[in-house]
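Quick notes on the structure that follows.
Numbering of residues begins at 1 and proceeds along the displayed sequence.
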Amino acid sequence: MMNIRDLARYDTNVEVLRDGVFSQVLSSSLVPGDLVVVPTRFVLPCDMLVVNGQCVVNESMLTGESIPVIKSPYPFPNNESSSSSNGANKRKIINFAKIDPRYILYGGTRVVELRVSQEHKVLGCVLSTGFQTNKGLLILSILFPKPTHFKFFDQSLKFMGSLFLMALVGFGVVVWKLDSYGTEVVDIVQRGFDLITIVVPLALPMAMTVGCAFAIRELKRQHVFCVSPPRVNMAGKINIMCFDKTGTLTEEGLDLLGVRPSIESGGTNFEEGKNSSEGTTLIANSPIFLEMVTNFLTGN
């Protein structure tokens with residue numbers, strides 16, 4: 001858990017509006033309502049609402065999609081107050097929980113390009129920080145997963161209960177037989193509990209716990225961390241594991257190894273890319289979605 005928490009912890013310097021002037025502060029001191037300047041090539045430390053300017057954001061850290069997303073400024077309603085029938089002024093209340101995602105910059109995502117004039121800045125209003133952000137909620141779901149109920153556990157309880165009922169029947173028979181032979185009460189009780197211990201293995205839960213602990217330790221040696229021990233039993237029954245896309249497991253990026261020309265172009269041999277510009281030209285002409293963002297090739 002400590003490793004996951006340290007991996008999720010992120011702190012950087014940000015330019016925030018305080019007392020009418022912009023100053024550099026640590027992102028850990030941000031609070032909801034702060035107005036922050038969003039620079040390019042910047043990893044966002046919190047969730048923000050775009051107030052001014054447009055920007056292109058890479059949200060693959062949260063969604064797994066490498067296609068850049070354009071964020072636009074939120075269309076605030078007219079600030080002119082309207083008068084009601086009794087003369088009182090009313091202002092429209094904005095529910096930030098229902099804002100369209102295209103107006104929100106999520107913590108942990110990277111700003112790859114700004115679309116604003118040089119004399120202006122892209123500004124964002126802090127909505128949530130820490131574990132209240134989308135990234136924070138994701139980390140919380142990893143650190144503290146929701147409890148799950150397995151049939152194996154329920155069936156184990158039923159099995160132990162049936163053994164206990166059988167032990168009670170045997171205990172009654174033993175007491176009746178030994179009492180008819182004139183055995184002392186202390187010996188009857190001792191023999192009865194011996195029978196219960198034999199029928200119901202009291203060490204079974206402990207043995208299962210120890211086995212699960214050894215499995216977690218072996219997984220840790222292989223750099224596989226488990227924060228929910230009951231899932232080890234479920235993982236032991238899995239033969240095939242499927243994922244929706246490779247972007248969720250692999251890091252973002254696209255490297256050119258080479259190109260195999262088509263038959264129409266008169267070549268069939270595999271040729272390695274000689275330079276980045278040649279590779280960019282070859283890839284850009286392929287039937288896939290790519291876009292040049294601040295001199296970087298981005299897309300699927």
Notebook entry, point to check: If we only count heavy atoms from C-beta on, is the Tyr74 to Asp100 side-chain gap below 4.5 Å?
Noted result: no
Notebook entry, point to check: How many angstroms lie between CG in Leu219 and SG in Cys226, if you round to the nearest 0.5 Å?
Noted result: 7.0 Å
Check: Do you know the tightest heavy-atom contact between Val50 and Lys71?
Finding: CG2-CB, 4.1 Å
Check: Should Lys135 and Leu62 count as side-chain neighbours, where that means a heavy-atom distance under 4.5 Å?
Finding: yes
Next item on the list: Show your reasoning for whether side-chain contact (heavy atoms from CB on, under 4.5 Å) applies to Phe131 and Ile139.
Entry: CA-CA 8 Å; Phe131 286 112; Ile139 297 300; 4.1 Å; yes
Margin query: Can you give me the closest heavy-atom contact between Val126 and Val36, atom names plus distance?
Written below: CG2-CG2, 3.7 Å
Margin query: Strictly by side chain to side chain donor-acceptor pair (under 3.5 Å), give each pair with a member in residues 11-33 just once, sequence neighbours left out.
Written below: Asp11-Ser27, Asp11-Ser28, Glu15-Lys121, Arg18-Asp34
Show me, pair by pair, the donor-acceptor contacts under 3.5 angstrom made by side chains of residues 157-183, not counting sequence neighbours?
unit_1, atom_1, unit_2, atom_2, d
Ser162, OG, Lys158, O, 3.4
Ser162, OG, Phe159, O, 2.6
Ser180, OG, Trp176, O, 3.4
Ser180, OG, Lys177, O, 2.5
Thr183, OG1, Leu178, O, 3.1

Checklist line | Greater than 12 external heavy atoms within 6.0 Å of Glu184's CD | finding: no
Next item on the list: Work out which heavy atom in Gln54 is nearest to a heavy atom in Ser72; give both atom names and the distance.
Entry: NE2-OG, 3.1 Å
Next item on the list: Please examine the side chains of His120 and Asn52, heavy atoms only from C-beta on, and report whether any two atoms are closer than 4.5 Å.
Entry: yes
Notebook entry, point to check: Does Val43 offer a backbone N or O that forms a donor-acceptor pair with the side chain of Tyr10 under 3.5 Å?
Noted result: yes
Notebook entry, point to check: Do you reckon Val37 sits in the same ILVMFWY cluster as Leu26, going by side-chain contacts under 4.5 Å, direct or chained?
Noted result: no
Checklist line | Derivation of the side-chain contact (heavy atoms from CB on, under 4.5 Å) call for Val185 and Val189 | finding: CA-CA 6 Å; Val185 177; Val189 173; 4.3 Å; yes
Margin query: With rounding to the nearest 0.5 angstrom, report the SG to CG distance, Cys125 to Asp47.
Written below: 11.5 Å
Check: Which value, rounded to the nearest 0.5 Å, describes the distance between Leu123 atom CG and Leu49 atom CG?
Finding: 11.0 Å
Note to self: Please tell me whether Val69 and Val111 are part of a single hydrophobic cluster in this structure, the criterion being side-chain heavy atoms less than 4.5 Å apart.
What the structure shows: no
Notebook entry, point to check: What residue among Val31, Leu30, Leu105 forms side-chain contact (heavy atoms from CB on, under 4.5 Å) with Cys46?
Noted result: Leu30
Margin query: If you compare all heavy atoms of Val38 against all heavy atoms of Gly124, which two are closest, and at what distance to 0.1 Å?
Written below: CG2-N, 4.2 Å
Margin query: With a 3.5 Å distance limit and no angle check, can you tell me whether Asn58 reaches the backbone of Pro68 through a side-chain donor-acceptor pair?
Written below: no
Next item on the list: Supply the atom-to-atom distance Tyr106 OH to Leu138 CG, rounded to the nearest 0.5 angstrom.
Entry: 13.5 Å
Notebook entry, point to check: If every non-hydrogen atom of Pro39 is compared with every non-hydrogen atom of Leu114, which pair is closest and at what distance?
Noted result: C-CD1, 4.0 Å
Item checked: Straight-line distance of Phe42 CZ to Cys55 SG, nearest 0.5 Å -> 11.5 Å
Next item on the list: Give, for atom OG1 of Thr133 and atom CG of Leu44, the distance between the pair rounded to the nearest 0.5 Å.
Entry: 10.5 Å
Next item on the list: Quick one: do Val112 and Arg41 satisfy side-chain contact (heavy atoms from CB on, under 4.5 Å)? Show the steps, please.
Entry: CA-CA 5 Å; Val112 295; Arg41 315 302 299 177; 3.7 Å; yes
Checklist line | Nearest non-hydrogen partners of Phe22 and Leu35, listed with the distance | finding: CE2-O, 4.3 Å
Item checked: Check against side-chain contact (heavy atoms from CB on, under 4.5 Å), Lys220 and Phe225 -> CA-CA 5 Å; Lys220 187 176 181 181; Phe225 301 95; 3.9 Å; yes
May I have the list of side-chain donor-acceptor pairs in residues 202-217 shorter than 3.5 Å, sequence neighbours left out?
unit_1, atom_1, unit_2, atom_2, d
Thr209, OG1, Pro205, O, 2.9

Margin query: Assess the residue pair Glu113 and Arg115 against the criterion (salt bridge (Lys or Arg N to Asp or Glu O under 4.0 Å)); give the C-alpha distance rounded to whole Å, side-chain angles, the decisive distance to 0.1 Å, and a yes or no.
Written below: CA-CA 7 Å; Glu113 184 182 25; Arg115 295 184 178 178; 3.7 Å; yes
Check: Are Thr109 and Glu59 close enough that a side-chain donor and a side-chain acceptor fall under 3.5 Å?
Finding: no
